[in-house]
Amino acid sequence: MRRLLIAGNWKMNLKLDSAKALAQGLKDAAAGVTEVDIAVCPSPIYVQPVAEILSGSNIGVGAQNAYFEKAGAFTGEIEMAMLTDVGCQYVILGHSERRHIIGESSELINLKVRAALAAGLVPIVCIGELLKEREANVTNDVNRRQLDGSFSGVSAEDMKKCVIAYEPVWAIGTGKVATPDQAQEVHADVRAWIAERYGKEVADVVRIQYGGSVKGSNAAEILSKPDVDGALVGGASLKVDAFMEIINNVKAL
Ligand code: PEP
């Protein structure tokens, strides 16, 4: 049985005071939640203060990106070991904003996935098609290509530790949500890809989150689909009430 993982991606939002207040508010509000795993991913500069607030709580902390190299001359980058050093357990990799705005390739993401695993972090690896790709009926091809590239060389044991986030690009921050059936169809194909490459035992344990305009009112319907194992949440993770509404509406699933 896979536990749901509800993760908040705070993106480039909040300032020190509001990030700390959100962390404290969630810590208090989610204190009794045992049914699902919860994580928040602040801006890298606020990871440490947020991790300090959430230390010992039921809310994990993740980063939104990091570099694959070990310590050295990489100006502006963050090493995976620096994340574990300040209390991170997760790192989002290959978010569509990094693939499409910053220009990250699956090859680069793959180096980061392997570095994250080597550092003991849980990579949340994002995949997803553009609207024009969905309209051209190549959704599964695009996602499988991103999976092939992002997980190249990852062993079965390491694959079990990874989380995949299916985030149709056309649904991120747009208010447009994939229907539960659209999400399930892609999630089932992602799980089939895992089974083809790693076998059923691995496919059965890897969590596949859905992301794209998830909020309290639509979360339960999407997450009740058999291959949807959680949500990666942007906008609705920035307010205690909105994030808690998602958690409270799915914790009994
Ligand atoms: C995201 O940032 O991964 C995301 C899904 O954003 P939103 O929930 O705002 O669509």
Side-chain angles (χ1 to χ4, degrees), residues 4-14 18-19 22 26 36-44 46-47 50 59-66 88 90-102 104 106 109 112-113 116 122-131 133-134 139 142-143 146-147 150 162-180 182-184 186-187 190 207-223 225 227-250:
L4 297 181
L5 170 62
I6 312 299
N9 173 12
W10 294 358
K11 308 195 186 191
M12 197 174 74
N13 289 303
L14 307 172
S18 48
L22 179 54
L26 288 172
V36 297
D37 292 339
I38 308 169
V40 294
C41 304
S43 154
Y46 303 139
V47 160
V50 165
I59 304 179
V61 179
Q64 301 170 16
N65 177 44
C88 265
Y90 300 91
V91 59
I92 299 172
L93 295 172
H95 190 279
S96 69
E97 286 147 21
R98 297 208 60 86
R99 287 183 191 265
H100 297 293
I101 300 175
I102 312 292
E104 288 194 6
S106 288
I109 293 157
K112 295 182 175 195
V113 169
V122 173
I124 299 176
V125 182
C126 303
I127 58 166
E129 79 285 358
L130 300 166
L131 183 58
E133 293 166 335
R134 174 161 284 271
T139 294
V142 169
N143 285 306
Q146 291 179 2
L147 290 166
S150 305
C162 294
V163 174
I164 297 171
Y166 166 57
E167 301 203 302
V169 181
W170 48 271
I172 297 180
T174 59
K176 286 186 198 145
V177 194
T179 65
Q182 282 175 322
Q184 169 58 26
V186 176
H187 282 233
V190 171
R207 290 188 287 187
I208 308 171
Q209 296 177 302
Y210 170 79
S213 299
V214 173
K215 49 189 181 191
S217 57
N218 59 29
E221 209 189 345
I222 301 172
L223 272 60
K225 289 291 177 184
D227 288 299
V228 182
D229 310 315
L232 184 55
V233 184
S237 71
L238 293 172
K239 295 240 158 57
V240 173
D241 289 353
F243 197 52
M244 285 308 301
E245 192 185 344
I246 295 172
I247 292 166
N248 287 326
N249 287 354
V250 304

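Excluded from the calculations below are hydrogen atoms, water molecules and symmetry mates; all remaining heavy atoms, backbone and side chain alike, are included. First listed ligand is number 1; within each ligand, the first listed atom is number 1. Numbers here are sequence positions counted from 1.
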Quick check: do L130 and H100 have side-chain heavy atoms less than 4.5 Å from each other? yes
With sequence neighbours excluded, tell me which residues meet side chain to side chain contact (heavy atoms under 4.5 Å, CB included) with A165. I124, C126, E167, Q209, L232
For R134, all residues meeting salt bridge (Lys or Arg N to Asp or Glu O under 4.0 Å), sequence neighbours excluded: E129
Heavy-atom contacts with ligand 1 below 4.0 Å: which residues, ordered by chain and residue number? N9, K11, H95, E167, A171, I172, G173, G211, G212, S213, L232, V233, G234, G235
Scan R207, Q184, H187 and name whichever one has a side chain to side chain donor-acceptor pair (under 3.5 Å) with D227. Q184
Side chain to side chain contact (heavy atoms under 4.5 Å, CB included) filter on D241, not counting sequence neighbours, yields none
If we only count heavy atoms from C-beta on, is the S150 to R99 side-chain gap below 4.5 Å? yes
